[in-house]
Amino acid sequence: MAVEKARGILLDIDYLMEEKSIIRLFIKTKKKTLVLRDPSFEPYFYLVVSGNAREAAKKIMEEDFYGVKVTRVEVVKKKLSPEKEPREVLKLFFNSTKEVKEMRNRIKELPYYEEKREYDIPFTKRYLIDRDLQPMSEVEVEFEGSELRSIRVCGDGLQELKAGAFDIETLSGLTFSDPSKDPIIMASFTNGKKSVVFCTKKIEKKYAVLVRDEKELIERLIERIRELDIVVTYNGDNFDFPYIKERAKRLGLKVEIGVDGSGITVKRKGMDNAVKIKGRQHIDSFQIVQILNRFGIVNLVKMDLEAVDKQLFGEKKEKIHASEINEIWHSGKGLERLAEYNKLDSEVALRIAKEYLPLFVEIGKLVNQTPFDVTRSGAGILVEAFLIKKAFAQGVLIPNKPSEEKVRMRIMQPIKGGYVREPKPGLHENLAVLDFTSLHPTIIISHNISPDTVNCNHKECEKNVSPEGQHFCIKRKGFLSANIEEIFHKRKELKDSLKKLKKGSREFNLVYARQYSLKIILNSSYGTLAFPRFRWYNRDCARAVTAWSRKYVKWVSERAEEEGFETIYGDTDSAFIKIPKGKTQTDVKEFVEKINSELPGVMNLELEGFFKRGIFVTKKSGKEAAKKRYALIDFNGNLKIVGFEYVRRDWALIAKETQRKVIEAVLSEGNPAKAVQIVRETIKKLKSGKMEKRKLVILTQIKKPIAKYESIGPHIAAAKKAIAKGKPLGEGSIIGYIVTRSGKSISGKAQLEEYVAEGNYDAEYYIKHQVIPAVIRIIAELGYSEEDLIEGGKQSSLNSFM
DNA sequence: TAATTCGCTAGACCGA
DNA sequence: TCGGTCTAGCGAA
C-alpha cells in the first residue's frame with residue numbers, strides 16, 4: 001500500500017481496547033475526518049530498581065506475573081527528581097492499558113523493586129505529551145491505509161471547523177423529566193448560520209420542521225449532529241445526551257454519531273457525567289460557564305441559559321418552565337413561543353462556545369489536551385498537566401500522587417495564608433490602592449521556590465531565606481519556578497505584541513486567548529504547592545510563599561508610612577493608602593517606582609487606581625473595623641463595593657438596593673441626610689405592605705444532602721416544605737425564599753418564593769433583619785443611630801453633621 | 001473527582 | 001427570654 005500524505009486539524013484522540021491498546025487519531029482534513037491508528041505507541045510505566053538496572057531488565061522479562069507479560073523493556077536515563085543526576089531506570093512496556101493497571105500492583109513483590117513511576121497517566125494524555133502534539137493544531141501526517149506513519153505539528157489550526165449546537169425539550173411528570181416515559185417533543189439545531197426546530201406538531205414558524213414522530217425527530221437530529229466537528233450543548237453531559245440515548249434505546253434507534261460510527265460514551269466524573277463522541281469535540285457550554293465562574297471571569301449565581309445570556313451578552317431571553325412546557329404541549333397553544341425558546345437555547349449555547357472556546361483551545365495547546373478534557377478540568381488539573389508535559393520534556397520523572405493517608409496528614413496541617421490588615425474605620429478622602437501583580441507566582445519566581453530547591457546544602461543560598469526559615473537554592477533554577485517563569489515571560493511578550501494588533505482581528509483574538517490561557521495557569525500555580533492532593537505539593541514551599549507575601553505586604557505599608565502616607569487597609573496583596581494634604585498623586589507614583597526598584601526579581605507593585613473617597617466600617621460585634629468590606633468611589637463617580645451585603649446573593653434585593661443607594665449618597669454626594677431619608681422611605685414602603693415580592697427573595701444554596709443538616713436554617717426549612725409539595729430540590733439547588741407572615745421562627749416563616757403571594761411578607765423581619773443591618777454600620781460611621789432610621793425617631797445627631 | 005486561607009454575619013440551638 | 005456557642009453560607013484575595 002502506498003504512503004499517503006495529508007494535512008488537517010488534530011481534532012480528537014482515543015484508543016481501541018483490542019488485545020492491544022491502540023491509539024487512534026482523528027484528523028480533520030478539508031474533505032473529511034481521517035481515522036488513523038498508531039500501533040507504534042505502547043502503554044508503559046517506569047520501574048526504579050535497586051542494584052543494576054540492566055540486570056534487572058533481563059530478569060524482569062523472565063518473570064511471570066500471573067499471566068501479565070512485559071512485552072518489552074528499555075533501560076533509560078531519567079532524573080528521579082530535578083536536582084538529582086540522571087539514573088538508569090526501567091521503562092516497562094505492555095500490550096494494553098489494562099495490563100499496566102494490573103502490573104503496577106504486582107510489581108511491588110519483585111526483590112529489586114524500589115519505586116514505580118508514571119503508572120497512572122491516562123493513555124491518550126500520555127500519547128499527546130510524549131509525541132508533543134497539540135490538539136486543534138494543524139498537523140501533517142503520513143499514513144498507509146489506516147495506519148499512521150508520521151505526524152508533526154505544522155500550524156496553528158486556524159481552519160474553520162464546523163460547529164453547531166442542539167437542544168431538546170421534553171415532557172415531564174410532576175417533578176422532572178424521566179426518559180423511561182416522558183418523550184422528547186421538540187429539538188432545535190443550529191450551525192450558527194441557520195437554525196431549525198424539529199417537532200411532532202405543526203408550528204407556524206419558518207424554521208420549524210414537522211416530523212412524523214419522536215423516532216424521526218431523533219433521527220433528523222442525529223443526522224444534523226453528524227455534520228459537525230464541534231458539537232455544542234448546554235448541559236448535554238448531564239441531560240440532553242443521556243436523555244436521547246435512553247429514548248433512542250426505547251425506540252429501537254442507535255445513536256451512532258461518532259465519526260467511526262460508534263455511539264456516545266457517558267463517563268462518570270464524580271457527581272457529573274461527561275459525554276464523549278468519538279472524532280468530534282462535544283463541548284458542553286454549561287461546563288464552560290462553570291469554569292468561567294470558578295476562574296472569576298464571570299460571576300453568576302444562577303446558571304440557566306437565561307441568566308448566562310443576560311450577563312454575557314446583555315440579552316433578555318424568555319424562560320419557559322417545565323410545567324409550562326407540559327401545558328403548551330397539551331393545549332397546543334403557545335407552540336411558537338416554545339419553538340422560539342427551544343431555538344434560542346441552541347443559539348445561545350453555540351454563542352457561548354464561540355466566544356470562549358478559543359481560550360480553552362489555547363489552554364489545551366499549552367497542556368497538550370483536547371478541548372473536551374480542558375473544558376471539564378479544574379485549574380489544578382491543568383497546572384498538573386502542564387508540569388507533566390514539562391517534566392517529560394526535561395527528562396524528569398514526575399512525582400507520584402500522594403496516598404490517601406498522606407493526603408489526610410497534609411490536610412491536618414493547613415498552611416497559613418495571606419495577611420489582612422485591620423482597616424481604619426470611617427470615611428476617608430483621597431486614597432490610592434496599590435497591589436502586587438501576580439503576587440504568588442512572582443514570589444515563586446523571584447525567590448526560586450520549588451520542591452527541588454528548598455533547603456539546599458549550599459551555604460551561600462541561606463541568604464535567600466523566607467520569614468518562616470526555609471531557604472531556597474540560588475545556584476540552580478527550580479523546576480517549578482523555572483517553568484512558571486517561562487509562562488510569566490511568554491505572557492509578557494504576548495501582551496506586548498497584543499498592543500501592535502488590531503483589536504477584534506483574528507490575530508488579536510488568538511493572541512488574547514493565548515495570553516489569557518497563560519494567565520490562568522500562572523494564577524493557579526501556587527495551588528500546586530498548597531493543595532494536599534497534588535503531585536508537587538510541598539508544605540515548606542507553600543509556607544514560604546505565603547510568609548513572603550505577608551512580609552512584602554506589610555513592608556509596603558510600612559514604607560508608605562515612612563514616606564508620609566497613611567495606611568488605611570491591605571488584604572493579601574494590596575495596600576490602601578491615604579494621600580495627605582501636601583502630597584499628590586505624582587508622589588504616589590514615585591513611591592510605587594521606588595518600591596519597585598527595591599523589590600527582588602520580577603516582583604512588581606502596581607498602582608491600581610486613585611479614589612476620591614472610601615468608607616470602612618466597624619464590625620457588628622465589638623469595636624474593631626471589619627476586614628474584607630469597604631466601598632470606594634473614583635474620580636469619575638464609579639463605585640466599587642466590596643464584601644458588603646450588596647454583593648452577596650443571600651440578602652434580599654431590597655436590602656442590597658438600599659445599601660447601594662446609601663453608599664452612593666455618602667460617597668458621591670457626601671450627603672448622609674439623604675442616606676437616612678432613603679432608608680426611611682424604604683422602611684415606610686415595607687411597612688405599607690406594598691413592597692414587590694421580587695425584592696424580598698433571599699437566595700441560598702443547599703450545600704449538602706438535606707438529611708445531613710444539623711441546624712435547619714430558613715433555606716432548608718423552605719426547601720423541606722417545597723419538597724413535601726413535590727418539588728425536586730436537593731444538594732446544589734439554589735433556594736429563593738421569602739419570610740412570610742405565617743409562622744413562628746424565621747425558618748417557620750420561610751417559604752419558597754413561588755408559593756408566596758405578592759404582599760405576603762413579614763415587614764418587621766425585612767426591616768430589622770435585612771434593611772437596617774445592611775445600612776446601619778455605614779450610617780453609624782456618620783454619626784447616626786438606629787433610631788434615626790425609624791420614622792419619627794429623633795434626629796439629634798443630625799446636627800453634628802450640618 | 002479534587003485549589004487555598006481569612007473573614008463576616010445570620011440564625012438555630014441549648015441551657016439557665 | 002436571655003446570651004453564648006455552633007452551624008452554615010458566601011465573599012475577598
Side-chain angles (χ1 to χ4, degrees), chain A residues 267-274 291 294-296 299 301 376-384 401-402 404 407 410-411 413-423 433 435-436 438-440 520-521 523-537 539 542-543 545-546 549-550 553 569-574 608 617-622 624-630 640-652 655 698-704 708-717 734-735 739 744-750 765 768-770 773-774 776-777:
Chain A
K267 268 194 218 160
R268 297 291 300 168
K269 270 198 159 186
M271 302 265 296
D272 266 5
N273 290 329
I291 291 180
R294 255 181 276 143
F295 289 165
N299 184 14
V301 180
R376 291 168 178 80
S377 306
I381 299 297
L382 299 177
V383 177
E384 194 174 81
K401 277 187 188 162
E404 278 306 306
V407 169
R410 290 173 177 181
I411 289 172
Q413 292 183 294
I415 291 150
K416 208 169 154 190
Y419 166 71
V420 190
R421 187 185 170 100
E422 190 187 324
V433 176
D435 60 11
F436 283 95
S438 305
L439 178 63
H440 289 153
I520 285 170
I521 300 294
N523 287 347
S524 315
S525 58
Y526 163 71
T528 53
L529 291 173
F531 183 46
R533 300 189 126 82
F534 277 166
R535 295 174 192 267
W536 280 273
Y537 172 94
R539 187 154 195 275
R543 286 173 68 210
V545 174
T546 54
S549 84
R550 292 189 294 273
V553 167
Y569 178 60
D571 183 354
T572 310
D573 64 353
S574 64
E608 198 199 283
V617 300
T618 51
K619 281 201 278 191
K620 188 189 183 183
S621 58
E624 328 97 272
K627 297 163 180 173
K628 297 187 188 284
R629 17 180 74 200
Y630 58 87
K640 186 180 177 186
I641 300 176
V642 178
F644 277 118
E645 286 75 6
Y646 175 71
V647 299
R648 296 179 64 94
R649 71 163 178 228
D650 54 349
W651 281 75
I698 296 164
L699 298 175
T700 316
Q701 193 179 18
I702 299 180
K703 304 278 282 186
K704 55 185 182 186
K708 288 201 175 166
Y709 278 85
E710 290 177 40
S711 168
I712 308 300
H715 68 301
I716 300 301
I734 289 173
I735 304 300
V739 177
K744 280 186 177 175
S745 62
I746 294 169
S747 286
K749 293 176 180 179
Y765 170 80
K768 287 201 173 160
H769 293 259
Q770 291 281 325
I776 189 63
R777 286 184 294 286

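A, B, ... follow the sequence lines: proteins, then strands. Residue 1 opens every chain. Here the structure is a predicted model, which is why all the values come from computation and not from measurement.
Taking the 5' to 3' direction, DNA chain C first and last meets chain A under 4.0 angstrom from a heavy atom at C:dT7 to C:dA13.
The interatomic distance linking A:L529 (CG) with B:dA2 (P) rounds to 19 Å, in whole Å. Counting to the nearest Å, the C1' atom of B:dT1 and the CZ atom of A:R376 are 15 Å from each other. Straight-line distance from the CZ atom of A:R421 to the P atom of B:dG7: 14 Å, rounded to whole Å. The nearest whole Å value for the distance from the CH2 atom in A:W536 to the P atom in B:dA3 is 16 Å. One atom, CZ of A:R410, and another, C1' of B:dT4, lie 15 Å apart when rounded to the nearest Å. The separation between A:E422 atom CD and B:dC6 atom C1' is 14 Å, rounded to whole Å. To the nearest angstrom, P of B:dG7 lies 15 Å from OH of A:Y630.
A:E624 is linked by a salt bridge (charged side-chain N to carboxylate O under 4.0 Å, His left out) to A:K619, counting only residues two or more places apart in sequence or in another chain. For A:K416, there are no salt bridge (charged side-chain N to carboxylate O under 4.0 Å, His left out) partners at least two apart in sequence or on another chain. In this view, A:E404 and A:R533 satisfy the salt bridge (charged side-chain N to carboxylate O under 4.0 Å, His left out) rule, not counting sequence neighbours. Residues passing the salt bridge (charged side-chain N to carboxylate O under 4.0 Å, His left out) test with A:K627: none are found, sequence neighbours excluded.
Using a 4.0 Å heavy-atom criterion, one finds that A:Y709 contacts the sugar-phosphate atoms exclusively. Counting any heavy atom pair closer than 4.0 Å across all strands shown, A:I716 reaches no nucleic acid atom.
Relative orientation of the A:Y709 and A:H715 rings is perpendicular, given thresholds of 30° and 60° on the angle between their planes. Ring planes of A:Y765 and A:H769: parallel class, angle under 30° (limits at 30 and 60°).
A:Y569 places no side-chain N or O within donor-acceptor distance of the main-chain N or O of A:V420, the cut-off being under 3.5 Å. Distance alone, capped at 3.5 Å, places no donor-acceptor pair between the A:R649 side chain and the A:I698 backbone.
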Inset, instruction - Treat primed atoms plus P, OP1 and OP2 as sugar-phosphate and everything else as base, then score nucleotides 8-15 of chain B 5' to 3': B for base contact with protein heavy atoms under 4.0 Å, S for sugar-phosphate contact only, - for none. - result: SSSSSS--
